Amino acid sequence: MKIAVLAEGADGERRVAATPETVKKFAQLGAEVAVEAGAGARASYFDADYAAAGAQVGDRTATVAGADILLGVQGPNVATIAGAAPGAWIVAGLNPFGERARVESYADAGFEALAMEFMPRITRAQSMDILSSQSNLAGYKAVLDAAAEYGRAFPMMMTAAGTVSAAKVFVMGVGVAGLQAIATARRLGAQVSATDVRSATREQIQSLGAKPIFVENVKGIEGEGSGGYAGEMSPEYQAAQAELVSAHIAKQDIVITTALIPGRPAPRLVSDAQLATMRPGSVLVDLAVEQGGNVEGAVAGEVVTRHGVRIIGHRNVASRLATDASALFARNLYNFLSTFWDKEQGRPVLDDEIGDAVRLTRGGQIVNARLSA
């Protein structure tokens with residue numbers, strides 16, 4: 001069983017899908033591990049460290065040659081992995097809804113593509129969940145990015161020259177990223193409030209010392225969605241939420257938006273009219289900017305100013321913490337493959353529950369129900 005670790009080709013991608021730690025663990029399972037030269041350099045993992053962990057380090061052709069499993073952070077271009085074994089697994093974040101053509105190319109080439117972001121949110125798969133591990137870091141980094149653009153301090157400071165008021169931070173969307181944003185802003189001394197369409201998050205918000213901002217006595221979402229995600233909101237709820245947010249957002253210094261609905265454009269949470277009510281110098285961070293954005297006027301990959309308000313739209317936020325993000329991502333992949341490792345066959349053998357959830361292609365066909373719906 002040969003496992004190949006690929007260098008990432010996407011612009012701005014600094015992460016790597018395996019670290020020397022996980023290379024050593026794969027070797028202990030009996031696998032041969034090959035790492036493309038320079039694959040971890042942008043995340044501060046170097047070729048010599050991979051070699052010391054037992055990996056063969058070489059160019060893309062040598063790394064891919066005969067590989068049974070290809071590990072990536074993002075999906076590789078199919079033309080660059082032609083030397084892999086027939087039916088080889090591609091295990092990575094594959095963006096199945098946004099990169100449908102690439103998924104089809106994997107099917108045409110006979111690869112078995114396993115999308116790690118389709119990992120079911122069940123207890124036994126928590127250690128394999130790349131969305132959670134990467135969103136946790138993104139939520140933390142979002143607060144630091146906001147602090148860097150904000151022209152004032154976060155905590156209240158009492159000095160001989162006068163008192164500095166604490167920053168008011170509003171987090172919209174209380175998933176993994178939102179919860180970490182709340183915790184980080186609180187640690188920095190801000191006054192934090194948060195909202196979500198899922199009423200179950202109220203206690204989570206309060207447990208972190210933040211103030212929950214919720215629409216009351218109005219029918220909410222049509223359903224909480226699958227896998228713990230939010231679903232679509234009813235028109236009545238959308239109208240009530242817009243009114244509530246408009247009143248609250250005008251008083252905030254920093255707003256962080258994190259709302260995503262899998263397979264659909266990100267919901268619009270902050271309009272241009274609402275932006276105009278915020279005082280100049282305020283900051284918004286849109287973590288959903290690559291999926292269309294929660295904030296009207298946000299631009300992917302840029303920091304723009306509208307009505308005197310700074311809107312941060314960094315791409316691939318987790319990659320901006322590449323060393324830790326890679327370590328967690330690599331452990332997710334190792335936990336996934338090692339959990340299903342069959343010692344007699346010397347390879348992982350997936351069960352139906354998780355295998356059917358993450359498998360996109362097999363036998364030249366797209367087989368995932370979420371892509372054929």
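Please read all numbers here as calculations on a predicted model, not as lab measurements.
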Counting distance only, does the side-chain N/O of [X] pair as donor-acceptor with the main-chain N or O of [Y] below 3.5 Å?
X    : Y    : answer
S282 : R279 : yes
K2   : A65  : yes
R152 : A166 : no
D272 : E296 : no
T22  : A18  : no
E99  : L94  : no
T361 : F111 : yes
D286 : V295 : yes
T195 : I213 : yes
T201 : R198 : yes

Report task. Would you kindly check if the NZ (Lys) or CZ (Arg) of R347 is within the cone defined by 45 degrees around the ring axis of W89 and under 6.0 Å from the six-membered ring centre? Result ->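 Yes, a cation-pi geometry.
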
Query raised in the report: Does the ring of Y150 carry R310 above it, NZ/CZ under 6.0 angstrom from centre and within 45° of its axis?
Result: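 The answer is no; the distance or angle limit is not met.
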
[X] with [Y]: basic N within carboxylate O range, under 4.0 Å:
X    : Y    : result
D145 : R320 : yes
R121 : D129 : yes
R14  : E8   : no
R124 : D351 : yes
E13  : R15  : yes
E21  : R331 : yes

Identify whether [X] and [Y] are in the same connected component of the hydrophobic contact network (ILVMFWY, side-chain heavy atoms under 4.5 Å).
X    : Y    : answer
L137 : V285 : yes
F214 : V245 : no
V270 : V283 : no
I254 : M172 : no
M278 : I312 : no

Flag side-chain contact, heavy atom, 4.5 Å: [X] against [Y]:
X    : Y    : value
R359 : N368 : no
V35  : T63  : no
Y106 : R362 : no
T163 : M157 : no
I366 : E104 : yes
L71  : L6   : no
V303 : H314 : yes
L114 : L350 : yes

Query raised in the report: How far does NZ of K24 sit from CG of D49, to the nearest 0.5 angstrom?
Result: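 Atom-to-atom, K24:NZ and D49:CG are 10.0 Å apart.
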
Exercise: identify the closest heavy-atom pair between [X] and [Y]:
X    : Y    : value
R315 : G301 : CG-N, 3.6 Å
A318 : A325 : O-CB, 3.3 Å
N294 : A288 : OD1-CB, 3.4 Å

Query raised in the report: Which of parallel (below 30°), tilted (30 to 60°) and perpendicular (above 60°) describes F26 and Y334?
Result: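 Ring orientation, 0 to 90° scale: perpendicular.
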
**Report entry** Test side-chain contact (heavy atoms from CB on, under 4.5 Å) applied to T323 - qualifying residues, sequence neighbours left out
**Finding:**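 In terms of side-chain contact (heavy atoms from CB on, under 4.5 Å), with neighbours along the sequence ignored, T323 is linked to S44, Y45.
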
**Report entry** Residue list, side-chain contact (heavy atoms from CB on, under 4.5 Å) with K168, at least two apart or on another chain
**Finding:**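 Partners of K168 by the side-chain contact (heavy atoms from CB on, under 4.5 Å) criterion, ordered by chain and then number, come out as Q191, Q252, D253.
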
Query - Check: F97 ring centroid to F118 ring centroid under 6.0 Å - result: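 Yes; F118 has its ring centre under 6.0 Å from that of F97.
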
**Report entry** ring-ring contact (aromatic ring centres under 6.0 Å, His included) partners of H248, counting only residues at least two apart
**Finding:**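 For H248 the ring-ring contact (aromatic ring centres under 6.0 Å, His included) partners, ignoring immediate neighbours, are F170.
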
Requested in this report: Compute whether any side-chain donor of one residue and acceptor of the other, for T184 and R187, lie under 3.5 angstrom apart.
Outcome: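 There is such a pair between these side chains.
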
**Report entry** Check: S246/Q274 side-chain N/O donor and acceptor closer than 3.5 Å
**Finding:**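 Result is yes, a qualifying pair exists.
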
Is it the case that more than 12 heavy atoms not belonging to [X] sit under 6.0 Å from its [atom1] atom?
X    : atom1 : value
E243 : CD    : no
Y140 : OH    : no
D342 : CG    : yes

